2 protein chains.
Amino acid sequence: MPDINQLSVLEGSENSSTNGMQKRLAAIRSSQDRCSLLFESLNGVIGELEDNYKLSSDKGSSDECSSDKSSNNGSSRKNKSLSPILLKKSSDNEFSAYDDRYPMTDPFDSSLVVIGPSGTSIGRHFYNTIQWSSSSAATRQLLVNIFPGEVLATHTLTGKPSPAFLGRERPSKDQLDPAKTTDIVYIVTNKCGVSAREVRATITTKCADSAKKYRKKRMTF
Amino acid sequence: MPDINQLSVLEGSENSSTNGMQKRLAAIRSSQDRCSLLFESLNGVIGELEDNYKLSSDKGSSDECSSDKSSNNGSSRKNKSLSPILLKKSSDNEFSAYDDRYPMTDPFDSSLVVIGPSGTSIGRHFYNTIQWSSSSAATRQLLVNIFPGEVLATHTLTGKPSPAFLGRERPSKDQLDPAKTTDIVYIVTNKCGVSAREVRATITTKCADSAKKYRKKRMTF
DNA sequence: GTTCCAATTGGAA
DNA sequence: GTTCCAATTGGAA
């Protein structure tokens with residue numbers, strides 16, 4: 001969560017800040033992390049309950065067709081009451097840096113949704129299919145939508161070689177466009193209430209898995 | 001949320017902290033208060049969803065309800081059905097099968113505290129010094145208290161070799177006593193509200209760091 | 001077919 | 001001096 005990291009600025013501005021203060025900040029940070037986890041947990045519960053509810057209330061409709069959701073009468077009330085609260089939660093969860101403008105509709109193309117301050121945009125339809133109830137699923141969905149599979153296979157989060165493979169270097173990989181990855185981290189941390197660390201780990205793993213996939217393809221030649 | 005309450009301790013011991021810092025801390029505190037409110041709100045949503053769900057699906061739902069659910073009578077149903085879901089979710093986050101008995105005083109030695117179902121015990125005085133506000137700090141404190149430094153340096157969580165170093169094997173390491181590591185995971189997940197994954201990652205890292213330390217010592221010979 | 005796990009590393013924080 | 005980061009791997013889940 002970006003806001004917490006910003007707290008480190010404090011240390012710079014105050015030369016008098018003590019070790020004790022560091023500890024306090026660490027304590028705050030970790031309790032906020034726990035908050036995030038709890039949010040995720042609650043989100044999961046809500047998603048589950050909602051799924052059950054939908055399942056039994058209107059059996060025919062598939063889950064995530066959201067486009068015509070707003071046109072529902074009566075029964076849509078429950079859906080409606082759910083979303084705003086969840087959104088409110090997300091924004092409040094980001095104690096500071098959260099910018100209410102994102103996600104926002106692309107001002108030049110209403111079929112696009114801008115997901116973060118760096119301006120990364122994705123299709124609205126795809127956006128509506130993202131499973132925010134799982135931060136790793138959401139992260140991976142965003143990755144495969146934003147980057148071609150081969151880019152994922154040939155790039156990494158940082159572009160740096162593994163320190164564990166020094167002197168045994170693998171073909172070096174470029175860095176995924178940082179503007180896009182930071183926007184992914186931005187939207188997932190905000191929508192799912194998880195730490196940036198977690199999202200970044202998922203990106204790292206997804207790249208590794210993609211590379212593995214392409215490596216296998218090569219083997220078959 | 002116990003963690004947030006613990007933060008109030010911060011106020012007790014401020015000596016050098018500046019006015020600006022106070023304000024920032026106040027801001028954090030208030031946002032955490034908001035957090036608490038949101039939890040209540042989310043809980044309300046869950047209740048509402050569940051009521052709706054109950055209302056519309058009183059016909060043998062198939063989901064993951066436990067075996068004894070069918071034996072419930074009408075009135076107890078709502079309370080009972082919500083809890084399992086929350087518990088289930090919780091266990092995903094490793095608040096898991098929380099057993100109120102732990103931590104407990106060692107029945108044979110009141111100076112010891114048993115931290116988990118496997119019976120790992122630690123000194124009461126040490127127990128009282130654990131920083132539960134940081135899951136990684138708490139995990140590391142427990143590790144160094146329970147295992148000698150050299151054991152940490154020569155063991156790993158699983159005892160398995162790194163798959164990334166096949167054909168280039170490092171001297172193999174034994175597995176840390178699983179009874180003890182599971183108890184560490186148990187107590188930290190419960191006290192800090194973090195996932196088992198996170199605690200296990202910290203254990204892995206601590207072992208790696210310890211091994212590094214001892215490796216350096218060797219280098220100096 | 002995809003996601004997740006954890007051991008290892010050097011250096012950054 | 002210690003903790004944290006992320007790339008890489010094979011296989012488990």
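In what follows, every heavy atom counts, from backbone to side chain, and hydrogens, waters and symmetry copies are set aside. Proteins come first, then strands; the chains are lettered A, B, ... in the order of their sequence lines, and each starts at number 1. For clarity, every value in this text was computed on a predicted model and none was experimentally measured.
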Exercise. Closer than 4.0 Å, any side-chain N/O of Ser136(B) to the OP1 or OP2 of dC4(D)?
Worked result: yes

Exercise. Got a second to check how far Lys213(B)'s NZ is from Leu152(B)'s CG, nearest 0.5 Å?
Worked result: 8.5 Å

Exercise. What nucleotide, of dG10(D), dG10(C), dT8(D), holds the atom closest to the side chain of Thr204(A)?
Worked result: dT8(D)

For this session: May I ask you to say what Thr202(A) touches in the nucleic acid, namely base, sugar-phosphate or nothing, with a heavy-atom cut-off under 4.0 Å?
Result: nothing

Exercise. Using a cut-off of less than 4.0 Å, is there contact between a side-chain N or O of Ser162(B) and OP1 or OP2 of dT9(D)?
Worked result: no

Exercise. At what distance, to the nearest 0.5 angstrom, does CZ of Phe165(A) lie from CZ of Phe165(B)?
Worked result: 5.5 Å

Problem set entry | Sugar-phosphate, base or nothing in reach of Lys173(A), heavy atoms under 4.0 Å | sugar-phosphate

For this session: Ignoring the backbone of Arg215(B), work out which of dG11(D), dG10(C), dT8(D) is nearest its side chain.
Result: dG10(C)

For this session: In whole angstrom, give the distance that lies between atom CD1 of Ile203(A) and atom P of dC4(C).
Result: 13 Å

Exercise. What does Lys206(A) touch in the nucleic acid at a heavy-atom separation under 4.0 angstrom: a base, only the sugar-phosphate, or nothing?
Worked result: sugar-phosphate

Problem set entry | By side-chain hydrogen bond (donor to acceptor under 3.5 Å, both in side chains) - contacts of Arg124(A) (at least two apart) | Thr105(A)

Exercise. Between dC5(D), dT9(D), dA7(D), which one does the side chain of Lys212(A) approach most closely?
Worked result: dT9(D)

For this session: In whole angstrom, give the distance that lies between atom CZ of Arg170(A) and atom P of dG10(D).
Result: 8 Å

Exercise. Taking for each residue the nucleotide of DNA chain C with the nearest heavy atom, is it Ala164(B) or Lys160(A) whose nucleotide lies nearer the 5' end?
Worked result: Ala164(B)

For this session: Apply the test salt bridge (charged side-chain N to carboxylate O under 4.0 Å, His left out) to residues Asp209(A) and Lys212(A): give CA-CA distance (whole Å), side-chain angles for both, the deciding distance (0.1 Å), then the verdict.
Result: CA-CA 5 Å; Asp209(A) 290 337; Lys212(A) 216 179 294 185; 3.8 Å; yes

For this session: May I ask you to verify if any side-chain N or O of Arg200(A) is less than 4.0 angstrom from the OP1 or OP2 atom of dC5(D)?
Result: no

Problem set entry | Closest to side chain of Thr205(B), choosing from dT8(C), dA6(D), dC4(D) | dC4(D)

Problem set entry | Leu157(A) CG to dC5(D) P, straight-line distance once rounded to whole Å | 12 Å

Seminar exercise, completed: Quick note, Thr158(B) side chain, CB onward, closest among dA7(C), dC5(D), dT9(C) is dA7(C)

Seminar exercise, completed: Whole-Å distance, Arg140(A) CZ to dC4(C) C1', equals 8 Å

Problem set entry | OG1-CG distance between Thr204(A) and Leu157(A), expressed to the nearest 0.5 angstrom | 4.5 Å

Problem set entry | Atom-pair distance (CG on Asp209(A); P on dA12(D)), nearest Å | 16 Å

Exercise. Separation of Gln175(A) atom CD from dA6(D) atom C1', in whole Å?
Worked result: 12 Å

Problem set entry | Rounded distance (Å) that lies between atom C1' of dT3(D) and atom NZ of Lys213(B) | 13 Å

Exercise. How close or far is atom P of dA6(D) from atom CZ of Phe165(A), stated in whole angstroms?
Worked result: 17 Å

